[in-house]
Amino acid sequence: PKYMRYGIDHNLQGISFLQAINTLPYSPKTETLLKAKQYALLGYSNGHSGEIGKYWPSIKICLRNKYKIKDASMWFDYLYLLERYHKDLRNAHYVCPKNLKKAHDLYVAKKKRDDEKERRERDMQRLLELKEVAQKYIEEKSKFFDLKLSDGKIIVVPLKNIEEFKQEGDIMHHCVFTNEYFKKKDSLILSARIGKKHIETVEVNLKTLQVVQSRGVCNKNTEYHNRIIGLVKQNIGLIRKKVAS
């Protein structure tokens, strides 16, 4: 039979030999990949035919340059990155890298840097947009700003501006900033610390004067959890006076 001259009698990285043969009458691309011994691409085509079709011009560049793709998943990921950076996907310089992993990793690193830059820019833009909200927060909560609760080791102080909310959220890896707790009129957000180290973030309901929650890094309780809550409860009278003032 015609297919026997390809010399293939094993599983083709995700698509069996029999499956490949059965698709030959219906898929010229499958036959082309099989003839070119592009077994990684052939295996990847099972379930990713859309990508094979979309990037077929790039695949043909590889075939013409006798460039063997050994890791199809990484190669397609690399193509997505090239596309993001508007590189010519019909240029062998790009689509046939001498070291695929090295080329792939360079673009992954570039994307990470760009994503981080974009994230910082979005955060800065958001801070600017929140300027009005920030002013309102200061107007509503400034009477609490001189609070400083302490048991000799732990100190608990209010967050005084939106920048401090962002810092608290970044350090503690929780949502006090992203979920905009500074917009909660009836909540007082406190930061429990030992020296310069942030330990837990505390929310007090200003209507009920109850501790709603106290969260450490990644919302986990710390060994000081009960001690922090106890310290705040012992000083609820001070908070009550501030509410009434």
If the condition is side chain to side chain contact (heavy atoms under 4.5 Å, CB included), which residues does Gln38 pass it with, not counting sequence neighbours?
Leu33, Ala36, Leu41, Leu63, Lys68, Ile69
Are Ile59 and Tyr67 packed together at the side-chain level, in the sense that at least one heavy-atom pair is separated by less than 4.5 angstrom?
no
For Asp88, which residues count as a side-chain hydrogen bond (donor to acceptor under 3.5 Å, both in side chains) partner, sequence neighbours excluded?
none
Heavy-atom nearest pair, Ala72 first then Ala40, reads CB-O, 3.6 Å
The side-chain contact (heavy atoms from CB on, under 4.5 Å) partner of Val202 among Leu231, Ile189, Ile228, Val212 is Ile228
Atom CD of Glu168 and atom CD of Glu163: how far apart are they, to the nearest 0.5 Å?
14.0 Å
Do Lys153 and Ile194 make a side-chain contact, defined as non-hydrogen atoms from C-beta onward lying under 4.5 Å apart?
yes
Assign the ring pair Tyr107 / Tyr85 to parallel, tilted or perpendicular, where the plane angle (0 to 90°) is split at 30° and 60°.
tilted
Nearest heavy-atom pair of Thr222 and Gly216: which atoms, and what distance?
CG2-CA, 4.1 Å
So which pairs with a foot in residues 93-102 pass side-chain hydrogen bond (donor to acceptor under 3.5 Å, both in side chains), sequence neighbours left out?
Lys101-Asp105
Using side-chain hydrogen bond (donor to acceptor under 3.5 Å, both in side chains) as the criterion, list what pairs up with Arg119, not counting sequence neighbours.
Glu116, Asp123
Are Ile155 and Met172 in one and the same hydrophobic cluster, where Ile, Leu, Val, Met, Phe, Trp and Tyr link if side-chain heavy atoms are under 4.5 Å apart?
no
Pairwise distance OG1(Thr208) to CD1(Ile236) - rounded to 0.5 angstrom
8.5 Å
Applying ring pair (Phe, Tyr, Trp, His ring centres under 6.0 Å) as the test, list every pair that has at least one member in residues 110-137; sequence neighbours left out.
Tyr137-Phe165
Who passes salt bridge (Lys or Arg N to Asp or Glu O under 4.0 Å) against Asp146, sequence neighbours left out?
Lys242
How would you list, by chain and number, every residue that makes a side-chain hydrogen bond (donor to acceptor under 3.5 Å, both in side chains) with Arg240, sequence neighbours excluded?
none
In terms of hydrophobic clustering (I, L, V, M, F, W, Y; side-chain heavy atoms under 4.5 Å; direct or indirect links), are Tyr78 and Tyr44 co-clustered?
yes
Once ring pair (Phe, Tyr, Trp, His ring centres under 6.0 Å) is applied, what residue pairs with a partner in residues 184-236 remain, sequence neighbours excluded?
none
Leu147/Asn235 under side chain to side chain contact (heavy atoms under 4.5 Å, CB included): CA gap, chis, key distance, verdict:
CA-CA 10 Å; Leu147 279 174; Asn235 290 277; over 6 Å; no
How far apart are the C-alpha atoms of Lys35 and Glu31, what are their side-chain angles, what is the distance that settles it, and do they pass the salt bridge (charged side-chain N to carboxylate O under 4.0 Å, His left out) test?
CA-CA 6 Å; Lys35 286 180 178 178; Glu31 182 172 7; 3.4 Å; yes
Once you round to the nearest 0.5 Å, how far does NZ of Lys29 lie from OG1 of Thr32?
8.5 Å
Find out whether Glu121 and Lys117 are in side-chain contact, i.e. whether some heavy atom of one side chain is under 4.5 Å from a heavy atom of the other.
yes
Check whether Val176 and Val217 end up in the same hydrophobic cluster, where Ile, Leu, Val, Met, Phe, Trp and Tyr are linked by side-chain heavy atoms less than 4.5 Å apart.
no
Closest approach of Leu81 and His104, non-hydrogen atoms and distance?
CD1-O, 4.0 Å
Are Leu206 and Lys141 close enough that some pair of their side-chain heavy atoms sits under 4.5 Å apart?
yes
Side chain to side chain contact (heavy atoms under 4.5 Å, CB included) assessment of Phe76 paired with Lys54:
CA-CA 11 Å; Phe76 279 108; Lys54 178 181 178 181; over 6 Å; no
Side-chain contact, heavy-atom cut-off 4.5 Å: Val95 with Asn65?
no
Taking salt bridge (Lys or Arg N to Asp or Glu O under 4.0 Å) as the definition, give me every residue that meets it alongside Lys196, ordered by chain and number, with sequence neighbours left out.
none
Please determine whether the number of non-hydrogen atoms from other residues, nucleotides or ligands lying under 6.0 Å from atom NZ of Lys143 exceeds 12.
yes
Glu203: which residues meet the side-chain hydrogen bond (donor to acceptor under 3.5 Å, both in side chains) condition with it, sequence neighbours left out?
Lys184, Ser187, Gln213
Looking only at heavy atoms, which two atoms of Arg193 and Ser191 are closest? And how far apart?
NE-OG, 2.8 Å
Nearest heavy-atom contact between Asn91 and Ile61 is C-CG2, 4.5 Å
Hey, what do you get for CG (Asn219) to NE2 (His173), rounding to the nearest 0.5 Å?
11.5 Å
Any side-chain to backbone donor/acceptor pair from Ser45 onto Ser49? Under 3.5 Å, distance only.
no
Note, Ile229 side chain near Lys233 side chain (heavy atom, < 4.5 Å)
yes
What about Leu82 and Ile52, same hydrophobic cluster or not, with Ile/Leu/Val/Met/Phe/Trp/Tyr joined at side-chain heavy-atom distances under 4.5 Å?
yes
Do Tyr181 and Asn179 have side chains that approach each other closer than 4.5 Å (heavy atoms only, starting at C-beta)?
yes
Can Phe182 be reached from Val157 by stepping across I, L, V, M, F, W or Y side chains whose heavy atoms are under 4.5 Å apart?
no
Side chain to side chain contact (heavy atoms under 4.5 Å, CB included) between Leu42 and Leu34, intermediate numbers included:
CA-CA 7 Å; Leu42 193 59; Leu34 198 55; 3.3 Å; yes
Across all chains, not counting sequence neighbours, the salt bridge (Lys or Arg N to Asp or Glu O under 4.0 Å) partners of Lys183 are Glu180
So Leu79 and Ser58, do their side chains get closer than 4.5 Å, heavy atoms only?
yes
Could I get the full list of salt bridge (Lys or Arg N to Asp or Glu O under 4.0 Å) partners for Lys111, not counting sequence neighbours?
Asp115
Step-by-step side chain to side chain contact (heavy atoms under 4.5 Å, CB included) determination, Thr201 to Leu190
CA-CA 6 Å; Thr201 308; Leu190 307 163; over 6 Å; no
Quick one: CD on Glu200 to NE2 on His174, what's the gap to the nearest 0.5 Å?
9.0 Å
